[in-house]
Amino acid sequence: MTSAASPSTMKLLIATRNQGKIREMRDLFAGLPFDLAFPPDRFLERLPDEPDLERGTSFAENAVAKARYFAKRAGVPTLAEDSGLEVDALEGAPGVFSARWAQMHGAGAGDAANNAFLLERLAAVPDEGRTARYRCVVAYLETPLAKPQLVEATCEGRILREPRGTAGFGYDPLFFSTELGTTFGEAPLPAKHRVSHRGRAVRALVEVLVRRPK
Ligand code: IMP
């Protein structure tokens, strides 16, 4: 748990095991009235069916599938997000396949392999054609069978020809944010949060949750 429970806080499971996302979620929720937990905090070990949760064709479908799965297992209100990078010159790829894109093409697994694969795929694309965006859909479920509350947000940028900075995770060293004028690999976390797809989506959802009638 990241904060002590008090009568005015709301229990919330964040359904992710991605270390980059965990770091960002902790930071985004810091100081807010939520008693945050991640799957290991509730002893939810990884089961063999977990990878199947991200086999949908849209961010929303995947986010809802993850939220339902973990809400059933944890028995507390659950938030899940699905996110990825959409590159215009690649017709929106890697999109929902962002996490395992290189692996799907036999080009290795993990962030470094994904970034190398992205550079290779864009090698012949001129600077003006390297536009891209991150997209994030956040799904919130009060109970496992509830209607999900969905929020979507994006963040515009372009893909550089070489990495810059070591902050963030995933494609961040190659993603030059139009609004920040730096890559997310160079940006301090508060700056990334200000403009990022995840920062925007989480803030919008929190707004809904704290304002709803109790
Ligand atoms: P998933 O939502 O767990 O399926 O995976 C999201 C994937 O999209 C990550 O593994 C990254 O490759 C990419 N991604 C999503 N958000 C970010 C971000 O904020 N920075 C860098 N990469 C991201």
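Since the structure is predicted, the reported quantities are computational estimates derived from the model, not experimental observations. Order of listing sets the numbers, starting from 1, for every ligand and every atom in it.
From the protein, the heavy atom lying nearest to atom 5 (O) of ligand 1 is Ala99 CB, 3.6 Å. When only non-hydrogen protein atoms are considered, atom 16 (N) of ligand 1 lies nearest to Arg198 NH2, 2.8 Å. Counting only heavy atoms of the protein, atom 15 (C) of ligand 1 lies nearest to Ser83 OG, 3.2 Å. Among all non-hydrogen protein atoms, the one lying nearest atom 1 (P) of ligand 1 is Lys21 NZ, 3.3 Å. Of all protein heavy atoms, the one lying nearest to atom 12 (O) of ligand 1 is Tyr171 CE1, 3.2 Å.
We find that Arg161 and Asp127 are joined by a salt bridge, their nearest charged nitrogen and carboxylate oxygen being less than 4.0 Å apart. The pair Arg211-Glu207 meets the salt-bridge criterion, since a charged nitrogen lies less than 4.0 angstrom from a carboxylate oxygen. The residues Glu61 and Arg55 are annotated as not salt-bridged, no charged nitrogen and carboxylate oxygen being separated by less than 4.0 angstrom. Under a 4.0 Å N-O distance rule, the pair Glu50/Lys66 does not qualify as a salt bridge. Between Asp88 and Arg130 there is no salt bridge, since none of the side-chain N atoms of the basic residue sits less than 4.0 Å from a carboxylate O of the acidic one. Salt-bridge annotation for Glu142 and Lys147: absent, with no side-chain N of the basic residue lying under 4.0 Å from a carboxylate O of the acidic one.
Which parts of ligand 1 touch Lys192 is read off a 4.0 Å heavy-atom cut-off, strictly below it: atoms 18 (C), 19 (O), 20 (N). Within ligand 1, counting atoms from 1 as listed, the ones closer than 4.0 Å to a heavy atom of Asp82 are 1 (P), 2 (O), 4 (O). The Ser98 neighbourhood of ligand 1 comprises atoms 7 (C), 8 (O), 12 (O), 13 (C), with distances under 4.0 Å to a heavy atom of that residue. Each of the following atoms of ligand 1 lies closer than 4.0 Å to a heavy atom of Glu54: 1 (P), 3 (O), 4 (O). Interface atoms of ligand 1 facing Gly170, defined by a heavy-atom separation under 4.0 Å, are 21 (C), 22 (N). Counting atoms of ligand 1 from 1 in the listed order, those under 4.0 Å from a heavy atom of Asp172 are 18 (C), 20 (N), 21 (C).
Within a 6.0 Å sphere centred on CD of Glu45, other residues, nucleotides and ligands contribute more than 12 heavy atoms.
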Discussion item. Side chain to side chain contact (heavy atoms under 4.5 Å, CB included), that's the test. Do Arg198 and Lys192 meet it? Break it down for me.
Written reply: CA-CA 9 Å; Arg198 187 168 299 103; Lys192 178 177 176 185; 4.3 Å; yes
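In this pair, Tyr134 and Phe175 present their aromatic rings tilted. The plane angle is within the 30 to 60° band.
In this view, Phe176 satisfies the ring-ring contact (aromatic ring centres under 6.0 Å, His included) rule with no residue, not counting sequence neighbours.
The heavy atom nearest to atom 9 (C) of ligand 1, out of those in Trp101, Tyr134, Phe169, is found in Phe169.
Ligand 1 does not have Gly168 within reach: every non-hydrogen atom of the residue lies 4.0 Å or more from it. Contact analysis leaves Arg100 out of contact with ligand 1, as no non-hydrogen atom separation drops below 4.0 angstrom.
Proximity of Lys66 to ligand 1, defined as any heavy-atom pair under 4.0 Å, is confined to the side chain (atoms from C-beta onward).
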